[in-house]
Amino acid sequence: MERISFHTIEKKWQKIFANEKLYNKNGKKFYCLEMFPYPSGKIHMGHVRNYTIGDVVARYKFLNGFNVLHPMGWDSFGLPAENASKLNNLHPKEWTNKNIKTMKNQLKMLGLSIDWDLEISTCDENYYKHQQELFIDFYNHGLVSRKETYVNWDPVEKTVLANEQVINGRGWRSNAVVERKKLSQWFFNITKFSDELLKDLEELDGWPEKVKLMQKNWIGKSFGCEIEFNISDSDKKIKVFTTRPDTIFGASFIALSNDHNLKELFIADEKFMAFKKECDKTGTTEEALANADKLGFNTKLFVDHPFLKKKIPVFFANFVLMDYGTGAIFGCPAHDQRDLDFATKYNLEVIKVVQNNDDILKSKKAYVGDGKIINSDFLNNLNIEDAKEKVIDEIEKKNIGKRKTLFRLKDWGISRQRYWGCPIPMIYLNDGSVVPVQKDELPIKLPDDIDLNSSGNPLKNHPTWKNTIHKSSGKKAIRETDTLDTFVDSSWYFLRFCSPNHSVSPFNETKVNYWMPVDQYIGGIEHAILHLLYSRFFSKAISKNNNNIKITEPFKNLFTQGMVCHETYKDENNNWLYPEEIEKLNNNEYQKKNDKRKVFVGAAESMSKSKKNTVDPEIMIKQYGADSVRWFILSDSPPEKDVQWSDVGVVAANKFLQKFWNLVQTIASRKENNFNDEHDKKFNGIINTYIQKIDASIKQFRFNVTIALFYEIYKVINDNLNTNLNSEVLKSNMINVLKLMTPFTPHLARECLEFLGCNNPHNWPIINANNLINNVKFAVQVNGKTRDVITVKKDISEIEIKELILIESKAKKYLKNKKTLKTIFVKNKIINYILND
RNA sequence: GCCCUCGUGGUGAAAUUGGUAGACACAAAGGACUUAAAAUCCUUGCCCUUUUGGGAGUGCCAGUUCGAGUCUGGCCGAGGGCACCA
């Protein structure tokens, strides 16, 4: 038998796929989208997995008659281009476009059903021009603001660092101690949509619960109230926010953030300034925060308790945040752990106001459970929820506070002091005002002549770029030299795909209204919060700004795939080794190829360059073929879980596909026409049942199960080759099986279909209910133990099966001479005899 | 610390609403074919029994049920999210 050349058929079919799009004009629309890649250089196995899953979905929907949009583009702005530029002396634009070219070719090698006519790249001015337009729209609708905020400032690089660029409080490149610096920055007012972003999660039935929960926690809605405390013997007040107003009678101190307004009273106090400095130092890393001791500074001030004749001391404390609530709290040590820690340290009162039997002082554990309110005057004997309501009513009556809902979600800071990003279309006038540029001046293009080697913001350093004219007044103005966070680029690209060449506005409204929402979005779990939240925000904001667009949610169904892992290897000196540097010995140990030294095998971890446990998809495709790589990446684990890449695994996939080709060849040349209707019917039934199972498993994204079913089908067909099965029946069933395989191994399946003379490969087999298998396997249990499994006709009755069992079942010996108390009969599944012994 | 998810062979995993545990694949051992190797194919996989057969068994302990991998409670372990959010 002739061995198949996977490369030959891949080349042949990729040419055909390039012109064969997934549009069925009369079908229902289906927008299939995978998260677009950052063009970092080459594709990695994570991309292979992501885009293979997407391709299966897109092709499956197309074969089922849907009109499928399946685009691809490039998330091509970002810091790595600037870093690479410094390293290789290559302009970010050139570096990026070179990578795009390489990666596009690699993606094509996978045989994906992408419509490349829709390709977009976010660093293309035809894309970011419209992003600037959207920015101006947002600005005009009050969704953009300018605020001062703290940033990580690298004093050597003279630039702002992202959190992940700060390592142990130092800049990742300069190693300088990072400072907290207040900078004026642009923000999208995402918090205006807090409630909608939270509420609309409920309608996202097609999203993983986990992702919805993460978003919910991130938005962090909480109910409570504000309370104003009078500072004793003064007309000043302190406003606090609390979610536990029911514990007001347990209040024993007030704690202020050290950025709270009241600090003005203490700026001359050296001790306070030293305390504040100490606190600011621990502010940099999460770990430091978590382990930091509670620190306080006693102001010697007191406030009056609103309901008791009692004075409460006021402290500055390092654990109170300025940017949440009012920057001030009241402490109730008995029922909040942080408050208790603080109270223990500074010897403050601990008053129990919720009934419980714990010894709080001894255990140093605050009681946060439910219970009856005690020691609380008019709140006594109420439960917590009722007490909250009642005390807030009292507070509102006394006019010292009101109900309040707070969100953890903060506005989205979008200013970046970088070159390789979308310029922010704002200008500064001489009188200090800031205005957007006019839309007809767009795009504000990035200059090509840029010096990335000196420190600071490259656009700011550019000699002329920032100088401009305010068009309506003719006066001189200065451009904003910050660029947009690259998350902005990816917050609307899915809209642009609907009309990627539309030039007069960001998108053609008719097309957006037709294709949106994305029916299936597929990508990594690492984007569970930010990218998805920002995209949801954009969709809502755009729909609010433009009455012709109605998208409440951009992504109807979301699938988050797991990572691709690989074993890790180290030599004796703890240096990481690439898989291709090692070889396996007969005793299952490994050694280095070059010097035969021992290699230590570590756990499988997600592929990363730093651990050298990567496998190059292009090499794998060249060695085993695209279909084998696609087949393996889907076969071993459920797609939402991590999968471990293994070379033997892809070899096995390759062998199986080769065998499958051989089987098709055998079927094509087989001639057996001894008609046996019974046999043919039975075979039809088996294959039809498999079609049904495969269809169901694809719908549920259980591709590992789908592939297991293909292995079973192979066996069934192979076992039938030497029977008197009619060759035409065999062939027509094989054609159906190949159609099922098209989404998984498009090149091989289409080659086989062509080989078998199928001239309509673009449809999905229809399951004929009459053809399904008519038998079921039926378990016979005695006292709950399975004693036999018999094959019987479907829907057999209890009486019939009982008769059968007494005649021919192995279980009958257990029933002999025993009294049956009762039987449990479950149709098509099981019968259980309960005996009295 | 709070919140969430998950624990099934040597490995990755199947088991639709509680109803045959381990499908399918990898690895391993044994065998067939072959002068030999490669390739291919077959068999095996815990305990007792020569076989037929019987028993145990889904992290641990209890419970509900005719019947639990699946449901409930407690414990142990692994992974993920948030990080002093009042």
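The analysis underlying the following values was restricted to heavy atoms, covering all of them including side chains, and did not include hydrogens, waters or symmetry mates. The chains referred to below are lettered A, B, ... by the order of the sequence lines, with proteins before strands, and numbering in each begins at 1.
Using atom P as the reference point in both G30(B) and G79(B), the two lie 37 Å apart (nearest Å). Nucleotides G1(B) and A62(B), compared at atom P, are 29 Å apart to the nearest Å. Using C1' as the reference atom, U58(B) and A13(B) are 13 Å apart when rounded to the nearest Å. Taking atom P in both G18(B) and U72(B), one finds a spacing of 11 Å when rounded to whole Å.
By the rule that a glycosidic angle within 90° of 0 means syn, G81(B) does not qualify and counts as anti.
Between the side chain of Lys785(A) and the base of U20(B) there is no donor-acceptor pair of N/O atoms closer than 3.5 Å.
Dashed line: the shortest gap from a side-chain N or O of Arg787(A) to OP1 or OP2 of G55(B) is under 4.0 Å. A close approach under 4.0 Å does occur between a side-chain nitrogen or oxygen of Tyr324(A) and OP1 or OP2 of A86(B).
Counting only residues at least two apart or in different chains, side chain to side chain donor-acceptor pair (under 3.5 Å) contacts with residues 319-335 of chain A comprise Ser222(A)-Tyr324(A). Within the structure, salt bridge (Lys or Arg N to Asp or Glu O under 4.0 Å) pairs that include any residue of residues 647-659 of chain A do not occur (at least two apart or interchain).
Of all the residues in residues 246-257 of chain A, not one reaches under 4.0 Å from RNA chain B with any non-hydrogen atom.
A search for side chain to side chain donor-acceptor pair (under 3.5 Å) contacts involving Thr689(A) returns nothing, not counting sequence neighbours. Applying the side chain to side chain donor-acceptor pair (under 3.5 Å) rule to Thr706(A) yields the partners Ser697(A); only residues at least two apart in sequence or on another chain are considered. With sequence neighbours left out, the salt bridge (charged side-chain N to carboxylate O under 4.0 Å, His left out) criterion links Lys192(A) to no other residue. By the side chain to side chain donor-acceptor pair (under 3.5 Å) test, Tyr714(A) is found to be paired with no residue, residues two or more places apart in sequence or in another chain being considered. Tyr569(A) meets the side chain to side chain donor-acceptor pair (under 3.5 Å) test with Glu567(A); sequence neighbours excluded.
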Between protein and nucleic acid, restricted to nucleotides 9-13 of chain B and to nitrogen or oxygen atoms under 3.5 Å apart, what atom pairs and distances do you find?
from   : atom 1 : to        : atom 2 : distance (Å)
G12(B) : O2'    : Asp636(A) : O      : 3.1
G12(B) : O2'    : Ser637(A) : OG     : 2.8
A13(B) : OP1    : Lys641(A) : NZ     : 3.4
A13(B) : O3'    : Asn704(A) : ND2    : 3.4

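Both Val826(A) and Lys659(A) sit near RNA chain B, but only Val826(A) has its closest nucleotide nearer the 5' end.
Taking the six-membered ring for Trp and the full ring otherwise, Phe710(A) and Phe656(A) have centroids separated by 6.0 Å or more.
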